[in-house]
Protein chains: 2
Amino acid sequence: MGTVTKALQLLTFFSRAQPLIGLSDMARLSGMNKATVHRMLGELQAAGFVEQVGAGRHYRLGPVYMRLAALREHAVPLRDVVGAVLQKLCDETQETAHFSLLQGTQLVATTHAYSPHHGTRVTMEDAQILTLHGTSSGLAVLAYASPDFARAVLEAPLPARTKHTITDPDELRAKLAQVQKNGIAESISGFEEDVHSHAAPIFDAQGQPLGAIAVAAPVARMDDTLRQTVRRATQQAGLHLTRLLGGFPPDTYPTP
Amino acid sequence: MGTVTKALQLLTFFSRAQPLIGLSDMARLSGMNKATVHRMLGELQAAGFVEQVGAGRHYRLGPVYMRLAALREHAVPLRDVVGAVLQKLCDETQETAHFSLLQGTQLVATTHAYSPHHGTRVTMEDAQILTLHGTSSGLAVLAYASPDFARAVLEAPLPARTKHTITDPDELRAKLAQVQKNGIAESISGFEEDVHSHAAPIFDAQGQPLGAIAVAAPVARMDDTLRQTVRRATQQAGLHLTRLLGGFPPDTYPTP
DNA sequence: ATTAGTCGGTTCATTATTTGAACCATTGGT
DNA sequence: ACCAATGGTTCAAATAATGAACCGACTAAT
């Protein structure tokens with residue numbers, strides 16, 4: 001492992017739970033010698049990637065990231081980042097993958113990727129508005145939204161898009177509890193007939209859900225093998241995208 | 001110079017004008033050997049700090065910055081970053097420094113730092129609203145705001161806070177041209193009597209002014225020496241803060 | 001008051017990594 | 001067909017990274 005890699009690895013130990021790390025801790029965490037870590041932190045500090053909080057105390061992430069993040073966003077707009085994750089999820093599952101963004105109280109499916117693997121596939125309209133109670137994406141968001149928001153949604157009228165749409169608030173509450181337990185939401189024909197979909201929430205920097213990533217397959221194709229694949233891949237993609245967007249799953253989010 | 005420093009230096013060559021850099025270019029820019037640069041970019045890429053756009057093509061900034069920027073913001077809120085810059089500016093000039101944020105059409109002075117060096121000093125109210133045409137901060141913002149915004153402000157009634165407030169639109173337009181030329185705005189007793197202030201605009205990631213950083217001194221103390229010091233320090237602080245906040249001065253902004 | 005165990009930071013001989021000139025294989029322009 | 005770029009690779013020589021031991025300062029417990 002090269003020196004640069006080792007130095008950059010140090011940055012990965014910072015987290016919201018541990019924004020300040022001392023020299024000895026860092027040496028322990030990285031498994032490297034204290035002197036080595038000290039020199040590396042010195043170089044990282046000189047470049048602004050890390051800074052020391054007081055006089056000779058702990059280290060924390062430095063001031064360069066705002067600028068670099070802005071440059072990155074300029075070079076690769078979020079749309080492209082989302083698109084790349086969707087493409088990968090789509091390749092892994094061979095089914096339609098889509099991303100939806102919570103805009104106010106509406107969940108809008110903004111981006112999608114189709115798999116060329118099957119002749120039949122679930123298709124999406126552009127900027128389709130998804131119901132919060134009738135889609136897996138909606139349930140994924142609701143399960144991690146603020147209690148106030150979820151209550152408001154469940155107390156409002158719950159239209160049935162299909163004859164399978166769950167419209168009973170209590171039944172929905174039970175479903176949300178299950179989503180919270182598994183970290184992934186599932187909906188069978190609740191929005192479109194013959195569509196079986198799974199979704200994972202995407203979180204912002206405050207740990208609030210900002211949208212969801214989902215995989216939608218024809219009901220007929222959803223056997224147990226595919227279901228396992230989809231669930232695993234969707235949850236991973238969700239965590240990955242959350243991370244890429246600079247967000248953080250809340251502490252209550254289950255680890256896969 | 002350590003290897004880590006050299007590798008991190010590579011990241012500084014990316015800019016909005018040059019978001020994609022090839023191996024040879026990078027070697028030229030850094031003055032290092034191509035093989036060295038190649039290995040470093042490889043390590044940076046493995047860590048996600050850089051990525052390759054196509055198959056074996058140019059490099060661009062990687063996906064890690066969103067996350068790191070979010071962590072940094074969590075550890076050090078913007079308020080603290082602004083505060084640190086103000087404190088430094090205040091120390092350098094021995095006068096009151098303040099930062100104001102453009103909120104809609106209102107410019108609000110959100111943070112300030114006082115120098116203990118003099119018995120008399122300019123004091124600020126909390127969340128004081130600054131006029132766009134009567135303060136140096138306002139002029140700094142106006143000079144770099146969109147033409148539509150500036151026109152709308154100049155066509156609206158221009159109240160005079162003091163007898164020195166400039167209220168003639170043409171005279172103001174001339175002043176704005178001067179600000180655009182120098183990159184720094186100046187106002188003498190236009191908002192409060194006996195206050196002589198200088199301000200530099202702060203830009204967001206789109207190159208739009210989001211606020212200003214300013215130094216305000218009693219008129220009596222503003223001799224030529226102090227004026228030079230203040231102008232230099234304010235402009236530097238402005239550029240520095242813009243950079244720290246992930247913003248970019250527009251191409252039209254003069255280099256000091 | 002003494003001790004023992006931290007901490008951040010430093011030293012320097014040993015070691016392993018980095019370095020760079022020369023070298024491919026491709027590509028695009030003339 | 002050629003030339004001059006490009007991205008990428010090789011390997012002996014040069015250099016920088018490493019880590020055990022050490023320092024002084026501090027804290028908590030004895």
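Numbers restart at 1 for each chain; the letters A, B, ... are given by sequence-line order, proteins then strands. What you are looking at is a predicted structure, and each value in this text was computed from that prediction instead of being measured.
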Nearest-angstrom distance from the residue atom CE of A/Met1 to C1' of C/dT18: 16 Å
query: What residue among B/Arg60, B/His58, B/Arg57, B/Gln45 forms side-chain contact (heavy atoms from CB on, under 4.5 Å) with B/Gln52?
result: B/Gln45
- prompt: Between D/dA20, C/dG8, D/dA17, which nucleotide has the shortest distance from any of its atoms to the side chain of A/Ala35?
  reply: D/dA20
message: Give me the atom names and distance for the closest heavy-atom approach of A/Phe49 to A/Tyr65.
response: O-OH, 2.8 Å
message: Is there a side chain to side chain contact (heavy atoms under 4.5 Å, CB included) between A/His98 and A/Ser197? Walk through the geometry before answering.
response: CA-CA 10 Å; A/His98 61 92; A/Ser197 69; 5.5 Å; no
query: Salt bridge or not for A/Asp25 and A/Arg28, using N-O below 4.0 Å?
result: yes
- prompt: What's the closest nucleotide to the B/Thr36 side chain, out of D/dA16, D/dG7, C/dG20?
  reply: C/dG20
Using atom types as modelled, flag every donor-acceptor pair under 3.5 Å from a side chain in residues 241-256 of chain B to any protein atom, sequence neighbours excluded.
residue, atom, partner, partner atom, Å
B/Thr242, OG1, B/Phe203, N, 3.1
B/Thr242, OG1, B/Gly238, O, 3.1
B/Tyr253, OH, B/Gly183, O, 2.6

Atom-to-atom span, CG of B/Leu20 to P of D/dT6 - whole angstrom: 15 Å
- request: Identify the heavy atoms of A/Met26 and A/Ile21 that sit nearest to each other, and give their distance.
  value: N-CG2, 3.7 Å
message: Rounding to an integer number of Å, can you tell me how far A/His38 NE2 sits from C/dC12 P?
response: 16 Å
task: For C/dT18, take OP1 and OP2 only and decide whether either is under 4.0 Å from a side-chain N or O of A/Thr3.
output: yes
Heavy-atom check, side chain of B/Arg221 versus side chain of B/Thr120, under 4.5 Å: yes
- prompt: Within the structure shown, what part of the strands sits under 4.0 Å from A/Met26 by heavy-atom distance: base, sugar-phosphate, or nothing?
  reply: nothing
field: Nucleotide D/dT6, atom P - distance to OH of B/Tyr59 in whole Å
entry: 14 Å
- request: Give the rounded distance in Å between these two atoms: NZ of B/Lys6 and C1' of D/dA17.
  value: 12 Å
query: Which part of the nucleic acid, if any, lies within reach of A/Met40 when heavy atoms closer than 4.0 Å are counted: base, sugar-phosphate only, or nothing?
result: sugar-phosphate
message: If I take atom CZ in residue A/Arg39 and atom C1' in nucleotide C/dT18, what distance separates them, rounded to the nearest angstrom?
response: 12 Å
- prompt: How close or far is atom P of D/dG19 from atom CE of A/Met32, stated in whole angstroms?
  reply: 9 Å
OP1 or OP2 of D/dG8 under 4.0 Å from side-chain N/O of B/Gln45: no
- request: Send over the distance from B/Asn33 CG to C/dA21 P, rounded to a whole Å.
  value: 6 Å
Polar atom pairs between nucleotides 23-30 of chain C and protein, under 3.5 Å, N or O only, would you list them?
none

message: Is B/Arg28 close enough to D/dT6 that one of its side-chain N or O atoms is under 4.0 Å from OP1 or OP2 there?
response: yes
